[in-house]
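By convention in this document, chain letters (A, B, ...) are assigned in the order of the sequence lines, proteins followed by strands, and residues within each chain are numbered from 1.
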Amino acid sequence: MRLSKAFIPTLKEVPADAVIPSHILMIRTGMVRMLSAGIYSYLPIGYSILKKINNVIREEMDAIGGQEFHLPALNPRELWERTDRVEAFGDTMFHIKNRDYVLAPTHEEVMTFHAKGVIKSYKEMPQIWYQIQTKFRNEARPRSGVIRGRQFLMKDAYSFDSSLEGLDESYDKHYNAYKKIFDRCGIKYFIVGASSGAMGGSKSEEFMVKSDAGEDTVAYCEKCGYAANVEVAQSDVENIKREENSKEVYDIHTPDVKSIDELCEFLSINESQTAKSRVYIHDEKPVLILMSGNDEVNETKLEAVLGGEIRPGHPEELLEITGADAGSIGPLGFKYRILADNRLKEANNLFSGANKNDYHIGGIDMKRDVPSVEYFDLRSAATGEKCVRCGNEIEVFKAIELGHIFKLGTKYSTGLGANFLDENGADHPIIMGSYGIGIDRVLACYVEQNFDEKGIVWQGELTPFDIHLLALNIKKDPVRETSESIYQKLTDSGIRVLFDDRKDAQAGFKFNDADLMGFPIQVIVGEKNLKENLVEIKVRKTGERFKVEVENLFDKIKELLSDWKEKK
RNA sequence: CGGGGCGUAGCGUAGUCCGGUUAGCGCGCCUGCUUUGGGAGCAGGAGGUCGCAGGUUCGAAUCCUGCCGCCCCGACCA
């Protein structure tokens with residue numbers, strides 16, 4: 001491909017709207033342009049990478065017996081009403097105004113519709129059906145470029161089985177295929193067990209990528225692979241140790257002391273000697289939550305314990321309930337249910353609020369003074385704590401969901417009446433799984449993981465070009481002739497070359513564009529080196545440069561490219 | 001949907017508080033000459049419904065009202 005003829009509009013300046021690295025770089029390298037919030041056009045270079053991702057996915061899906069479909073995005077609303085998902089999706093689903101159609105945000109309904117009446121016998125299963133197609137979701141707030149859009153590309157697959165064992169097999173096939181897909185795309189990911197939410201069903205796992213642009217927060221152990229959404233993640237933290245002698249409780253005047261940090265400073269004590277109080281309202285009744293020191297209450301865990309929705313108490317409510325403002329609230333004299341985090345089980349000689357403004361209480365013994373307390377795991381795991389599985393340090397960070405696999409069960413087959421006959425001629429709903437990959441996110445995540453201050457660093461299977469050939473001053477005959485013949489030879493032997501043959505671009509301009517686009521090997525043809533019969537090679541990732549004689553260039557490049565293939 | 005910010009040429013922006021030249025600058029673009037190993041120099045040039053609509057005023061990018069769009073934080077998210 002000749003850059004003088006290719007439409008790859010690179011930008012020197014950063015567009016004001018883009019904030020995260022992948023978004024900035026995808027715009028600057030001419031991969032995408034925004035049409036409207038959360039709606040992006042792919043330009044040729046971006047689309048060529050999407051096609052590579054799709055090919056990887058197709059190969060791995062076909063390898064597990066997947067059969068590719070192409071379903072309509074325009075769906076009759078009535079179909080979605082049969083599974084109650086018009087209501088479930090609510091405003092997230094786009095509705096067509098002048099006919100009773102919706103734009104499909106996913107395709108369980110349509111796939112099940114086609115399975116019904118076609119798959120009639122247990123003998124016809126398992127089936128794995130998939131497609132790569134545009135999805136529409138009316139996101140309230142699209143963000144992070146292509147990562148959360150109103151229109152996006154998704155590979156969605158559905159499995160149909162006659163038994164739970166069959167579903168397990170189909171699920172495992174996808175699990176392994178997904179690992180191969182993301183490995184081949186050169187993406188570093190990890191797998192998190194997840195709650196299956198509105199999809200219904202029994203088991204699901206998410207394929208996640210660490211990124212500040214992510215929308216989920218997860219705890220992860222590098223050593224053993226333990227990974228969990230922070231909403232449910234556990235960590236091994238030492239319980240507060242019991243001191244030998246329990247003191248009597250006593251009031252302390254603590255003017256203007258609100259936070260645990262202020263309390264520790266005021267009394268010159270350690271955080272571990274304090275208990276923080278939070279009041280939540282559950283089922284219209286107050287509940288006091290006691291946490292050690294600055295540990296944060298994990299509201300998801302708390303909701304699981306209490307069963308039902310909770311909300312933090314308003315300031316006025318707190319005063320009414322406890323007689324004090326937040327910052328002076330504590331367990332002693334609290335008239336309602338009290339829960340405490342497991343870490344406080346044995347604790348004594350604790351400091352906590354006195355339920356009287358500007359006062360705290362010392363010498364609290366959980367066993368003696370708070371007898372009605374119930375203990376649960378209520379804290380959020382944090383970076384640096386010990387992994388519950390292997391004891392190594394865990395890390396808590398944000399992550400992007402790249403793929404999600406579900407054991408659906410029979411929700412959709414029951415809803416749409418997709419049944420089959422078993423060996424005994426008895427009727428059963430088909431047992432389903434569903435499996436998705438966000439294609440745009442694969443691209444964005446690759447970029448998020450592979451860039452430096454100069455631009456993107458391409459390597460591996462998604463790389464659009466192997467060689468970026470730069471003819472520095474192409475108006476000079478030797479430069480033109482040599483670079484043209486190098487281009488011919490490399491291209492003829494199947495190597496993918498982007499040839500910067502622009503006549504009026506300065507050397508620096510070409511260097512910076514090459515670093516920005518970041519293809520693995522740059523071959524630099526310049527007048528000075530040519531006088532000594534040399535051209536320069538620069539390895540984008542390492543910045544390493546060396547000169548080779550023109551005649552040896554081809555072999556050297558072959559060598560570099562095959563080295564990388566072996567390393568993979 | 002709640003909070004905050006923004007909207008001026010293809011991109012990045014100044015000017016807006018305090019109304020008053022022909023709306024300024026950088027990049028990019030066009031023409032010519034020079035230059036050519038890290039985003040060139042000189043000369044000339046094109047390009048603007050100042051987001052949209054209404055209002056106030058002798059006069060509006062600037063003030064007022066309404067609407068639209070975009071970004072960030074939060075809520076939501078199969």
Q. Salt bridge between A:R311 and A:E317, side-chain N to carboxylate O under 4.0 Å?
A. yes
Q) Can you name the residues that form a ring pair (Phe, Tyr, Trp, His ring centres under 6.0 Å) with A:F554, not counting sequence neighbours? A) none
Q: Can you tell me the distance, in whole Å, between the CZ atom of A:R28 and the C1' atom of B:G39?
A: 10 Å
Q. Expressed as a whole number of Å, how far does the P atom of B:C68 sit from that of B:C25?
A. 36 Å
Q | Euclidean distance for P, B:U13 against B:U8 (whole angstrom) | A | 9 Å
Q. Separation of A:D500 atom CG from B:G38 atom C1', in whole Å?
A. 13 Å
Return all side-chain donor-acceptor pairs below 3.5 angstrom for residues 6-15 of chain A, not counting sequence neighbours, or 'none' if the list is empty.
{"from": "A:T10", "atom 1": "OG1", "to": "A:D513", "atom 2": "OD1", "distance (Å)": "2.9"}
{"from": "A:T10", "atom 1": "OG1", "to": "A:D513", "atom 2": "OD2", "distance (Å)": "3.3"}

(Q) Check A:E139 with A:R148, please: is the shortest side-chain N to carboxylate O separation under 4.0 Å? (A) yes
Q.
It should be established whether A:R141 places a side-chain nitrogen or oxygen under 4.0 Å from OP1 or OP2 of nucleotide B:A75.
A. no
(Q) Can you measure A:E527 atom CD to B:U35 atom C1' for me and round it to whole angstrom units? (A) 12 Å
Q) Counting any heavy atom closer than 4.0 Å, what does A:E139 reach on the DNA or RNA strands: base, sugar-phosphate only, or nothing? A) nothing
Q) In Å and rounded to the nearest 0.5 Å, what is the CD to CG distance from A:E206 to A:L402? A) 10.5 Å
Q: Give the ring-plane orientation class for A:F89 versus A:W80, where under 30° counts as parallel, over 60° as perpendicular and anything between as tilted.
A: perpendicular
Q | A:K454 NZ - B:G39 C1' separation (whole Å) | A | 9 Å
Q: Using a 4.0 Å heavy-atom cut-off across all strands, classify A:D91 as base, sugar-phosphate, or nothing.
A: nothing
Q: For A:S144, report the nucleic acid contact type (base, sugar-phosphate, nothing); a contact means any heavy atom under 4.0 Å.
A: sugar-phosphate
(Q) Let me spell it out: for each of A:K528 and A:H23, pick the nucleotide of RNA chain B with the closest heavy atom. Which residue's pick is nearer the 5' end? (A) A:K528
Q | Pairwise C1' distance, B:U62 and B:G20 [rounded to whole Å] | A | 11 Å
Q: Could you work out the separation of B:G51 and B:G10 based on their P atoms and round it to a whole Å?
A: 13 Å
**Q.** Any residue meeting side-chain hydrogen bond (donor to acceptor under 3.5 Å, both in side chains) with A:K510, in chain and number order, not counting sequence neighbours
**A.** none
Q. Between B:G37 atom P and A:I524 atom CD1, what is the distance in whole Å?
A. 12 Å
**Q.** Rounded distance in Å between the C1' positions of B:G15 and B:G7
**A.** 15 Å
Q | A:K407 to A:Y171, cation-pi by 6.0 Å centre distance and 45° axis angle | A | yes
Q | Separation between the P atoms of B:C6 and B:C63, rounded to whole Å | A | 12 Å
Q) Roughly how many Å is it from CD in A:E299 to P in B:G74, rounded to a whole number? A) 14 Å
Q) Do the rings of A:W129 and A:F160 sit parallel, tilted or perpendicular, given the 30° and 60° boundaries? A) tilted
Q: Assign A:F152 to base, sugar-phosphate, or nothing according to its heavy-atom contacts below 4.0 angstrom with the strands shown.
A: base
Q: Output all residues satisfying ring pair (Phe, Tyr, Trp, His ring centres under 6.0 Å) with A:H23, sequence neighbours left out; order by chain, then residue number.
A: A:Y40
Q | Length of the CZ-P vector between A:F511 and B:G37, whole Å | A | 8 Å
**Q.** For A:A514, all residues meeting side chain to side chain contact (heavy atoms under 4.5 Å, CB included), sequence neighbours excluded
**A.** A:H468, A:L470, A:Q522
Q) Mapping A:P105 and A:E536 to their closest nucleotides on RNA chain B, which lands nearer the 5' end? A) A:E536
Q.
Would you measure the distance from the C1' atom in B:U35 across to the matching atom in B:A43 and give it in whole Å?
A. 15 Å
Q: With a 4.0 Å heavy-atom cut-off, tell me which residues in residues 470-485 of chain A come close to RNA chain B, sorted by residue number.
A: A:L472, A:N473, A:K475
**Q.** Distance-minimising heavy-atom pair for A:I24 and A:A18
**A.** CG1-CB, 3.6 Å
Q: Could you give me the stems involving RNA chain B, meaning stretches of three or more consecutive Watson-Crick or G-U wobble pairs whose two defining distances are both below 3.5 Å?
A: B:1-7 with B:68-74, B:10-13 with B:24-27, B:29-34 with B:40-45, B:51-55 with B:63-67
**Q.** Atom C1', compared across B:A60 and B:G19: separation rounded to whole Å
**A.** 6 Å
(Q) Using OP1 and OP2 only, check whether a side-chain N or O of A:R143 sits under 4.0 Å from B:C72. (A) no
Q: Just say parallel, tilted or perpendicular for the rings of A:F406 and A:H404, cut-offs at 30° and 60°.
A: parallel
**Q.** Ring centers of A:W458, A:Y446 separated by less than 6.0 Å
**A.** yes
(Q) What's A:K538 touching, base or sugar-phosphate or nothing? Going by heavy atoms closer than 4.0 Å. (A) base
Q | Positions of residues 29-48 of chain A (non-hydrogen atom under 4.0 Å from RNA chain B), listed by number | A | A:M34, A:S36, A:A37
(Q) Using a 6.0 Å distance limit plus a 45 degree cone around the ring axis, check whether A:K556 lies over the aromatic ring of A:F546. (A) yes
Q | With sequence neighbours excluded, residues passing ring pair (Phe, Tyr, Trp, His ring centres under 6.0 Å) with A:F499 | A | A:Y487
Below 3.5 Å between N/O atoms, which protein atoms pair up with nucleotides 8-14 of chain B? Just atom names and distances, please.
{"from": "B:C11", "atom 1": "O2", "to": "A:E13", "atom 2": "OE1", "distance (Å)": "3.3"}
{"from": "B:G12", "atom 1": "OP1", "to": "A:A16", "atom 2": "N", "distance (Å)": "3.0"}

Q) With ring centroids as reference points, do A:F182 and A:F207 lie under 6.0 angstrom apart? A) yes
For nucleotides 40-42 of chain B, which of its nitrogen or oxygen atoms have a protein nitrogen or oxygen under 3.5 Å away, and what is each distance?
{"from": "B:A40", "atom 1": "N7", "to": "A:Q506", "atom 2": "OE1", "distance (Å)": "3.3"}

Q) For A:Y280, which residues count as a ring pair (Phe, Tyr, Trp, His ring centres under 6.0 Å) partner, sequence neighbours excluded? A) none
Q.
Without decimals, in angstroms, what is the distance between A:D513 CG and B:G37 P?
A. 17 Å
